[in-house]
Amino acid sequence: MSLAHGRPYLAIPGPSVVPDRVLREMHRPSPNIYAGELIDMMPGIVRDLKAVARTAHDVAVYIGNGHAAWEAALANAVAPGDRVLLLATGRFATSWGLLAKRMGIDVETIDFGLRSPIDPARVSEVLEADREHRIKAVLAVQSDTATSILSDIAAVRSAMDAAAHPALLMVDCIACLACDRMEMDAWGVDLIVAASQKGLMTPPGLGFVYFNERARQVQASLERVSPYWDWRPRTRPEGFYEYFSGTAPTHHLYGLRASLDMLLDEGIEAVWTRHDRLARAVWAAFEAWSARGSIELNVADERCRSRAVTSIRIAPPYGTRLREWLETRAGVTLGIGLGMAEPTDLAWHGFFRVAHMGHVNAHMVMGVLGTIQAGLDALGVERGDGGLDAAAAVISEA
Ligand SMILES: *Cc1c(COP(=O)(O)O)cnc(C)c1O
């Protein structure tokens, strides 16, 4: 029978759970966009967005999703015909590269596969071989949401420095900003792409491009920048409308204000630590279950696992059947496998993902894991014992 009637839980890696406080702030009459509170709120939103990414530089806000921010970043920092080096660790990196190609950018890719992080040594090799400095930017995804691989961004910067290469370091943090540690300035990241609907706990609709002085100088040297994506007016507005090149995302700004308050009240270090402990609880459960049968964490080395999402391999078709069981019987929706196999292939049904990004706490994680165990048993999937005990131990030790 179905035990799904209660508060549903969307545990997919974006959109993430929207806190009631964010929803309440959005539930209001349209505010005036010419004077008053909304205009006065904006400098504080910019300040706090910068605190979340640990940067003293600039952030441009776009009405759009992650794809919009991807395009905005490239439109400001790379000219058509320029070459970029894409470091691929899953579907999201690959998609950013395809978008770049369609913008006329020459994309050279190092593919690290679907189970390993970026290898900085290979990045150095390619950059050292590029004596003429034809590569203008290195594109990396910190946590690839498809594979749940976390790459060491500070190590990528070191590799670029070791090669004495001047390319910009551009990082997609859409999945993991405010989940996995990000120190934009300390790590020497030149540009970050982010969006509202994952760690930032606000509905989809806002994209963010953070950029430093080096990226600003590159933009200033470009022959032409699309007027809508141009980050100059958005970061140095002469009137409020210039922040958004038109009407402001009124209600999203109220939601974002509430989410930034929640993150900064908790403290960004505490937010990262919470994500770390909850992710470890998830990993502990799957490690125990994977002792027997066909369940397996996609990323073997825990140092290379995202704290925002965990990708799981399981004998097909049990990935799909487990997701269906949880949604219809338990009120929990898990993420599909993305970019791991063709949808027409039986193997496609051998993956699922558990999100633990944003507004997530211990009881939600234990609830997801408990219902996954129930689902595995209902479907007769062979598994190791002790998964829930292992997860509870991680949480009790925290
Ligand atoms: C979600 C996500 C995207 C795409 O964001 P959209 O809002 O769906 O356009 C890109 N990169 C990463 C790492 C993501 O997690």
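Whatever order the structure lists them in is the order used to number ligands and atoms, beginning at 1.
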| task | Determine whether any heavy atom of Gln142 lies closer than 4.0 Å to an atom of ligand 1. | result | no
| request: Could you establish whether Asp172 and ligand 1 come within less than 4.0 Å of each other, counting only heavy atoms on the residue side? | output: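 For ligand 1, residue contact (heavy atoms, under 4.0 Å) with Asp172 is present.
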| query | With no hydrogens and no angle check, is any side-chain donor or acceptor of Asp130 less than 3.5 Å from a backbone partner on Ile135? | reply |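 Checking the backbone N and O of Ile135 against the side chain of Asp130, a donor-acceptor pair under 3.5 Å is found.
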| Proximity to ligand 1 by part of Ala175, non-hydrogen separation under 4.0 Å | both
| query | Relative to atom 6 (P) of ligand 1, which among Gly66, Ala146, Ala68, Ser196 owns the nearest non-hydrogen atom? | reply | Gly66
| message | Students should be able to answer this: which protein heavy-atom is nearest to atom 8 (O) of ligand 1, and at what distance? | response | His67 ND1, 4.0 Å
Looking at [Y] and [X], is any side-chain nitrogen of the basic one under 4.0 Å from a carboxylate oxygen of the acidic one?
X	Y	answer
Arg157	Asp161	yes
Arg54	Glu269	yes
Arg257	Glu25	no
Glu324	Arg321	no

| task | Determine whether the aromatic ring centres of His67 and Trp70 lie less than 6.0 Å apart. | result | yes
List every atom of ligand 1 that sits less than 4.0 Å from any heavy atom of [X], numbering the atoms from 1 in the order shown and giving each element.
X	result
Gln197	6 (P), 7 (O)
Val141	13 (C)
Thr145	12 (C), 13 (C), 14 (C), 15 (O)
Lys198	1 (C), 2 (C), 3 (C), 14 (C), 15 (O)
Ser143	13 (C)
Trp70	10 (C), 11 (N)

| Thr310: which of Arg353, His356, Arg305 passes side chain to side chain donor-acceptor pair (under 3.5 Å) |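 Only one option passes, and that is His356.
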| query | Will you find, in the side chains of Glu37 and Tyr254, an N or O donor that is under 3.5 Å from an N or O acceptor? | reply | yes
